[in-house]
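Some notes on the structure that comes next.
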Amino acid sequence: MQQNTTQSPEAQQRRTLYQRLHLLSLPVGILLGILLFLISIPIGNGRELFSLTSAAQKQWKVQPFIDGRVAQVENLVTVAERYTGIDASMMQELREAQAQMKHARNSGVVVVSAADRRLQAAFTSMIGALEQGGQLTREDKQLIVGIIDAYNEQGTKLGLQAREYNRLAQLAINLYEKLPTRWLFPKPAIYIEP
């Protein structure tokens, strides 16, 4: 018995279409595989970088130390206002640095670092001016010693937090510098001490 091997033009057209699609499937599959691989690299890099950066950010709990430094600056301003020989621009700089630090309270490491460096410079300048003026009463000298001690204690605590943050952030920075897709992500920041 002989089978009819002739196909309708419609069936031949479908068969030709399937053959063409079969020939296309390999290059399309390879292209999709390469595309997925290329997409997965930045996603994986970003996840790892985010994980390390988040660990450092969780360590960044410095609000009480900022508040402590701001409070001691307020105490210093109170003492300094008793003396007429203090340069008004120096007092203005101290108040502006204090306000900047207060506003930096809930900010990131870069903002706090810049505010703390400015505050440290203004605080040191004011202490120097008060001591050089030679008009301090014995009581105010003792107050200033207490203010300096408390201010420095808060600075030490802030510095300890900053060093721990920097240790964790450095891990993120080390990874960032090795990433082939680092141009897609912001570089993690570190705290620069005054």
Once salt bridge (charged side-chain N to carboxylate O under 4.0 Å, His left out) is applied, what residue pairs with a partner in residues 82-91 remain, sequence neighbours excluded?
R82-D140

Salt bridge (charged side-chain N to carboxylate O under 4.0 Å, His left out) partners of residues 51-67, not counting sequence neighbours, each pair once:
D67-R105

For a side-chain contact (heavy atoms from CB on, under 4.5 Å) check, start with the C-alpha distance between M126 and E93, then their side-chain angles and the critical distance, and finish with the verdict.
CA-CA 9 Å; M126 182 60 73; E93 174 57 22; over 6 Å; no

Over 12 non-hydrogen atoms of neighbours within 6.0 angstrom of CD in E139:
no

Go through the side-chain N and O atoms of E96 and Q100 and say whether any donor and acceptor fall under 3.5 Å apart.
no

For the residue pair T124 and Q120, confirm or rule out a side-chain donor-acceptor distance under 3.5 Å.
yes

Which heavy-atom pair separates [X] from [Y] by the least distance, and what is that distance?
X    : Y    : value
I144 : L130 : CD1-CD1, 3.7 Å
A129 : M90  : CB-SD, 3.5 Å
P64  : Q154 : O-OE1, 3.7 Å

Please check: side-chain N/O of Q98 versus main-chain N/O of V70, any donor-acceptor pairing under 3.5 Å?
yes

Indicate yes or no: does K141 engage E131 in a salt bridge with an N to O separation below 4.0 Å.
no

List the steps, then state whether side-chain contact (heavy atoms from CB on, under 4.5 Å) holds for Y83 with L136.
CA-CA 8 Å; Y83 298 93; L136 289 175; 3.6 Å; yes

